[in-house]
Number of protein chains: 2
Amino acid sequence: MIPNKHRKGSLKALAQELDLSITTVSRALAGYSDVAAATQKRVIEAAARINYVPNSAGKMLVTGRSGFIGLTLPLMDEPFRDPFLGDFIAGLSESLAERGYDLLINTVAPSQTEMQVLQRTVESGRVDGIVLTRITETDERVDFLRARQIPFITHGRTLEDQSQYSWIDTDGEHAFSHATQLLLALGHRRLALLSINEHMMFRQVREQGVATAIANANVADVSLTTKHCNRFDSEGYLSVIRKLLTSKKRPTACLALTDEIALHVLQVASELNLSIPEDLSVIGFGNIPQAAVVPPGLTTFDQSTRDTASQIGEVLLNSIGGKTVSQQQLIRPFLVSRGSHAEVPSHITSA
Amino acid sequence: MIPNKHRKGSLKALAQELDLSITTVSRALAGYSDVAAATQKRVIEAAARINYVPNSAGKMLVTGRSGFIGLTLPLMDEPFRDPFLGDFIAGLSESLAERGYDLLINTVAPSQTEMQVLQRTVESGRVDGIVLTRITETDERVDFLRARQIPFITHGRTLEDQSQYSWIDTDGEHAFSHATQLLLALGHRRLALLSINEHMMFRQVREQGVATAIANANVADVSLTTKHCNRFDSEGYLSVIRKLLTSKKRPTACLALTDEIALHVLQVASELNLSIPEDLSVIGFGNIPQAAVVPPGLTTFDQSTRDTASQIGEVLLNSIGGKTVSQQQLIRPFLVSRGSHAEVPSHITSA
DNA sequence: TTACCTATCCAAAACGTTTCGGATGGGTGG
DNA sequence: CCACCCATCCGAAACGTTTTGGATAGGTAA
């Protein structure tokens, strides 16, 4: 037994024990054809016995690949929960695992900006690709990554250059168009749309869906009231909704940009003794867990976050694996029809 | 201008441009005292101009530290959502970011076991520490990490050796003891406990809390029915609960090991036209989002996952930073009192 | 002047891996 | 017997960083 002066489990130690060169051991494990079958067997068995795992840094340094995909968590100043974060990470991580990749998550610390974190992550070579979420209409992160030629994919999309990079997005336009058509078909003519005041693409797209549906509908006298509030300010929403629902010509149906907002509508309706869906129809978006249990059940759209994230991982990994064509995908959320929408009350239609 | 034959942004390139050695540049950036103040300034400025970021692999290789903390996601065969995963990751990642660490997440692929993934992660040197969740009563992962002397911390704890490693756990015993006392004080004497059939420590501990409270209470005639079901089988729970609530001597109060189970109770109660809390008190645990909106509001315990995860990160990082004393912490969840519990109905007490 | 000290800098080794470009030796065809 | 080929193996370079152990030059004390 030659005394082992090296880290247990290093290639060098393995080579020493087997009386082979590091090169041969490495190539044997990699399955190259220029090592004898018998030798390969010997090496593989020894590696298994020693529980050899190649050192990450060494491999990374020479190959230039880390086997990591980066995801920067949106910074949340407010104690705001993203109800889909867990699903997103689970789905993403799953699809990465199938191809031997791991997920590297970083949050931006209070002392730094998201761009700094992104740059550090990319420039340090610690990731082979990047997943971007919460895309704004013009997103500097997209420009940065495009310039650096780093493989990346976004969940959501920017306003422009949409064919220049890979993205996967939920078809919010279709969903809201669908919801609007549904409400119109049920006889609703006074609609309200509760939106957000950020420059997010998903807002743009969902509002567009409503507008398109109304424009294409063959009905007259449709009125649409749109309100924009701060997504993280519940009180703001509640007061706006109160005003809306106590106005003389209050809407008979509310479209909410997100389920969270829809819950606020239900809350105010309950305060005001308006019964859902008899007095007011409500449709949300997202299918958060609350939607299923809040009475009378919130009609909404399910965006199957986990599957989407899983696909995001796949597309990104494909783009790393050589073929660098950008790829876009619009995923259509499906309507989850519950109790919060119905025909417009008859006394309203006649009024 | 000397042509730069090296990767843009490498130390070598910087040294070349500044007409200094790699050593000096490295030491200047690291703030060593053996480099002239003027030189240091020059180096730092050049680094900022070039946007120099040290290569992760190079540093890792020589220092032996990666700056990563590993977290292996529980594998979920079933399409089961962990409602707290997002919060946990957000909190953990946040506290890591403050100290310059990133979070490395891996899922176990269908072809491998969790132990294999853990071993590969540890042995490859890609993490400086490990966070373990979903601890079972005797958890081989804990044994493995202890043997390897890898810094780690668990969310939850094993049955034994609790003083031998660091853990942070929710004080489920206290919570369930508290809940039981509360119900007893409200006059309830026929209690039911809906539990799970896995060998998780949190089950053990929470059941213990109920038992202790009953034993210490100065009341006679307390009866406790405990049911164990498969946590991922909703139908199983529903049928057990149906049977329970239609039995002649049905309980007047239900303790549910988790909020998900409590929701099932509420659902069955609604089916059977039992009104909550008049006919039946229900107390859950976890404070999942649904608890706030399901009528009449689920009384439960909030375990502030995000803060807990944040502390987990801190403790782990401290243990990496030299002082290796193990540290344990029990975090007491607080009661969120909503509408699902009340005094025992008078016609029952008299019966 | 000489010996020593200090401030400032640097060459080279080391970390563990992959890979390029041979080296070695036995067998084959002429 | 010679030239060549093939199968098998290996030395050494390279990746980018940190760190050890000096080297150099100028100043200071004797």
Side-chain angles (χ1 to χ4, degrees), chain A residues 4-44 46-47 50-67 100 120 122-128, chain B residues 4-44 46-47 50-67 100 120 122-128:
Chain A
N4 179 0
K5 46 180 295 197
H6 309 289
R7 184 183 76 91
K8 178 189 168 299
S10 76
L11 253 196
K12 200 183 291 191
L14 246 189
Q16 212 166 65
E17 179 174 324
L18 289 167
D19 252 318
L20 286 171
S21 75
I22 294 182
T23 303
T24 304
V25 176
S26 173
R27 300 188 71 95
L29 291 175
Y32 279 76
S33 64
D34 66 349
V35 22
T39 310
Q40 189 189 24
K41 184 155 174 271
R42 237 174 25 109
V43 171
I44 288 179
I50 305 290
N51 258 331
Y52 170 72
V53 179
N55 177 281
S56 205
K59 183 184 251 184
M60 212 189 292
L61 192 54
V62 61
T63 62
R65 328 209 99 173
S66 64
R120 192 183 71 105
V122 164
E123 224 78 73
S124 69
R126 74 184 77 202
V127 297
D128 299 340
Chain B
N4 178 358
K5 44 180 296 199
H6 309 289
R7 183 183 75 90
K8 178 188 169 300
S10 77
L11 254 196
K12 202 182 291 191
L14 246 188
Q16 214 166 61
E17 178 174 325
L18 288 167
D19 251 319
L20 286 172
S21 75
I22 294 182
T23 304
T24 303
V25 176
S26 171
R27 302 192 69 107
L29 291 174
Y32 280 76
S33 63
D34 67 348
V35 21
T39 310
Q40 189 188 25
K41 185 156 173 269
R42 234 170 31 105
V43 171
I44 289 181
I50 304 289
N51 257 330
Y52 170 72
V53 179
N55 177 280
S56 205
K59 184 184 254 188
M60 209 189 294
L61 192 54
V62 62
T63 62
R65 324 211 102 171
S66 64
R120 193 184 69 106
V122 163
E123 225 78 72
S124 68
R126 74 184 76 201
V127 297
D128 299 339

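Remember, predicted model here, so these are calculated numbers, not experimental data.
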Worksheet item: Looking across every strand, which nucleic acid part, if any, lies under 4.0 Å from L20(B) by heavy atom: base, sugar-phosphate, or nothing?
Response: sugar-phosphate
Discussion item. Using OP1 and OP2 only, check whether a side-chain N or O of T39(B) sits under 4.0 Å from dC9(C).
Written reply: yes
Worksheet item: Looking at dT17(D), dA12(D), dT18(C), which one has an atom nearest to any side-chain atom of T23(A)?
Response: dA12(D)
Fill in: Residue L61(A), side-chain heavy atoms: nucleotide from dT18(D), dT8(D), dG16(C) that is nearest
dG16(C)
Discussion item. Any donor-acceptor pair, under 3.5 Å, between the side chain of S33(A) and the base of dA7(D), if you only look at N and O atoms?
Written reply: no
Worksheet item: Could you give the OH-to-P distance, from Y52(A) to dG16(C), as a whole number of Å?
Response: 10 Å
Discussion item. By nearest atom, which of the nucleotides dT18(C), dC10(D), dC10(C) is closest to the S26(A) side chain?
Written reply: dT18(C)
Worksheet entry | Nearest-nucleotide 5' precedence on DNA chain D, G58(B) against D34(B) | G58(B)
Item to complete: Kindly point out which of dT18(D), dC9(C), dT18(C) is positioned nearest to the side chain of V35(B)?
Response: dC9(C)
Item to complete: Could you check whether A57(B) gets within reach of a base, just the sugar-phosphate, or nothing at all, counting any heavy atom under 4.0 Å?
Response: nothing
Worksheet, complete the sentence: From the candidates dT19(C), dT17(C), dG16(D), the one with an atom nearest any side-chain atom of I22(A) is dT17(C)
Discussion item. Just the rounded figure in Å: distance from P of dT19(C) to CG of L29(A).
Written reply: 13 Å
Discussion item. What is the separation between atom CD on E123(A) and atom P on dT17(D), rounded to the nearest whole Å?
Written reply: 12 Å
Fill in: Below 4.0 Å: OP1/OP2 of dC9(D) and any side-chain N or O of T24(A)
no
Worksheet item: Are any of Y32(A)'s side-chain N or O atoms less than 4.0 Å away from OP1 or OP2 of dC10(D)?
Response: no
Worksheet item: What heavy-atom pair brings S66(B) and G125(B) nearest, and what distance separates the two atoms?
Response: CB-O, 4.0 Å
Discussion item. Is the shortest side-chain heavy-atom distance between L61(B) and N55(A) below 4.5 Å?
Written reply: yes
Worksheet item: Nearest to the side chain of A36(A), which nucleotide is it out of dT17(C), dC9(C), dC9(D)?
Response: dC9(D)
Item to complete: For the side chain of R27(A), starting at C-beta, report the closest nucleotide among dC15(D), dC20(C), dT18(D).
Response: dC20(C)
Discussion item. Ignoring hydrogens and geometry beyond distance, is a side-chain donor-acceptor pair present between S124(A) and R126(A) at under 3.5 Å?
Written reply: yes
